[in-house]
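The next block holds one structure in the form of structure tokens; read it before the comments.
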Amino acid sequence: MEFQAPRGTTDVLPDDQGYWRYVESTASQVAESFGYRRIDTPVFEDTNLFVRGIGDSTDIVEKETYTFKDRGGDSLTLRPEGTASICRAYLQHGMHNMPQPVRLFYLCPNFRYERPQAGRFRAFHQFGIEAFGESDPYIDAEVIEVSWRFLKAVGIDDISLSINSIGDMDCRPKYVDALKTHYQNHSSSLCPDCHRRLDTNPLRLLDCKIESCQPIIESAPKGTEYLCIPCNTHWLQLQEYLTAVGIRFNVDNTLVRGLDYYSRTVYEITPPTDRRTNVIAGGGRYDGLLEQLGGPATPGIGFGMGIERVIENIKRLGINIVADSKLNIMLAHMGEPAKKESIRLSSEIRQLGAEAFVGPSRGLKSQMRYASNMNASHTIIIGDDELSSGTYTVRDLTSGDQSEMTADGILNFVKDYDNSHRVN
RNA sequence: GUGAGCGUGGCCAAGUCGGUUAAGGCGCCAGGUUGUGGCCCUGGAGAUCGAGGGUUCGAAUCCCUUCGCUCACCCCA
């Protein structure tokens, strides 16, 4: 085959569309039930937005962006995550003048140039929310609850929540120093990656998976023991609020996140399999981000969730997406006059809001088979006999019952059916 | 970027110590009622065996190159 979808991208075929619509509509419903309103931003942004927002030393910005110059010479980047764009929109449209907090959610594609593997794509989709202008920990608990309730609502039940606090500008540096000191004392037994991390991203040291590094991680100082008073209060209240809404969590002091902008609360939700490999949702607080992007100091918190990963888990659990059984009529025809009549009548039916399509120009048997395979609910059979008598044969494909109806009778049937038989 | 596995009709695939027309299943099309689906039976269409080169009388099967896919690391949703 000459052409195929670019590496790390996939086609969502008709058979899979049900999952996507199910996930998207559930996401909207759950987010809206918490007072979040949808926002859509462009797929590409000024490259500097991501450099300044996400951090120029993060892997995402350093080596995973799709960056290009447009014909005018501006450097643009395909959005690799949702938060930076939404912060930009918040500032651009003066949302800091709206009543705070401002609650927003999004469903959109993101792009990262990575080697694809299980649950990881170059073009992928995220459901996410952001809450701006509230530093009280109730909103941290709320954000976590949105992601939790959504996963439950969609039927993914066997999930676990890990939370941690990585402190703020005040206390985190002290912790990082303590961590570095600890690691420098063990530098002889570190894996090569951890040697690198010690310089580039010390917090990442904590989730190294190499066997020989585990003892060092276990004996490492815990971040939550270095929190300043305000951060510690925030941290403790968050846990109380989560408990209040009945969400179980486990504190994971090795949990850190890959983007520079996080502070205080960070969390992840994972399916039961491997604890770190397939994070479904991750998020946290980013109190310094808006300011860093040139706006007023504004607290913010949100999460991002991989829709492909959600769907993967829905499939893994064999969750049934119930499709509504709608009227879906195929018009079988024999002979040119009948074909013309079926074209006319199908158009009338559609204008009443039902689904109808003309059968393929083949033998009746073949048309019936096609109707069956297309999951048609009814077939209307039109031939010379029907045209001369003015009554058409209507076959219910589920029950196999047949009856004779005039064209007007069929239209009335469609109208009535629509109101009385629709199942959801 | 690193490492491993794999690439045979639309899909799942047998065949891979080289040898006559490359199994089988699903799906598709047709026939088995003169105007009727879902089951069953029969038949049919559809593959230059990822691509290029080489070895050989002869290669899907061996060698080289290349592209692609998958998984793991890294990183992350």
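First the proteins, then the strands, lettered A, B, ... as listed; each starts at 1. The shown structure was predicted, so the numbers you read here are calculated from the model rather than taken from an experiment.
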### Donor-acceptor pair present, A:Gln126 side chain and B:C76 base, under 3.5 Å
no

### Message
Tell me the interatomic distance from A:Arg115, atom CZ, to B:A72, atom P, rounded to whole angstroms.
### Response
12 Å

### Task
Measure from CG on A:Asp396 to C1' on B:U36 and round the result to the nearest Å.
14 Å

#### Entry: Separation of B:A77 C1' from A:Leu107 CG (nearest whole Å)
13 Å

### Task
Report the distance from atom OH of A:Tyr113 to atom C1' of B:C76, rounded to the nearest whole Å.
17 Å

### Message
Could you check whether the side chain of A:Arg7 and the base of B:G68 have a donor-acceptor pair of N or O atoms closer than 3.5 Å, going by distance alone?
### Response
no

### Whole angstrom value for the distance that separates P of B:C76 from CD1 of A:Ile269
18 Å

### Query
Just checking A:Gln367: base, sugar-phosphate only, or nothing, at a heavy-atom cut-off of under 4.0 Å?
nothing

### Message
Just N and O in the side chain of A:Ser366: are any of them under 4.0 Å from OP1 or OP2 of B:A30?
### Response
yes

### Message
Quick check, does A:Tyr370 stack with B:G37? I mean ring centres under 5.5 Å and planes off by under 30°.
### Response
no

### Message
On RNA chain B, does the nearest nucleotide to A:Glu386 precede the nearest nucleotide to A:His125 from the 5' side, or the other way round? Give the residue.
### Response
A:Glu386

### Query
Side chain of A:Arg112, backbone of A:Thr65: donor and acceptor closer than 3.5 Å?
no

### Task
Write down the distance between CZ (A:Arg369) and C1' (B:C29), rounded to a whole number of angstrom.
8 Å

### Message
Check this one for me: any side-chain N or O of A:Asn373 less than 4.0 Å away from OP1 or OP2 of B:C28?
### Response
yes

### Query
Checking only heavy atoms, does the side chain of A:Arg309 share a donor-acceptor pair with the base of B:C76 at less than 3.5 Å?
yes

### Query
Can you tell me if the side-chain N/O atoms of A:Gln117 get under 4.0 Å from OP1 or OP2 in B:A72?
yes

### Query
How many Å lie between CD1 on A:Ile381 and C1' on B:U36, as a whole number?
5 Å

### Summary
Pairing partner of B:G1, by Watson-Crick or G-U wobble and under 3.5 Å for both distances, is B:C73

### A:Arg112 (side chain) and B:A77 (base): donor-acceptor pair under 3.5 Å
yes

### Task
Report yes if a side-chain nitrogen or oxygen of A:Arg362 is closer than 4.0 Å to either non-bridging phosphate oxygen (OP1 or OP2) of B:C29; otherwise report no.
yes

#### Entry: Rounded distance in Å - CG (A:Leu206) to C1' (B:C76)
17 Å

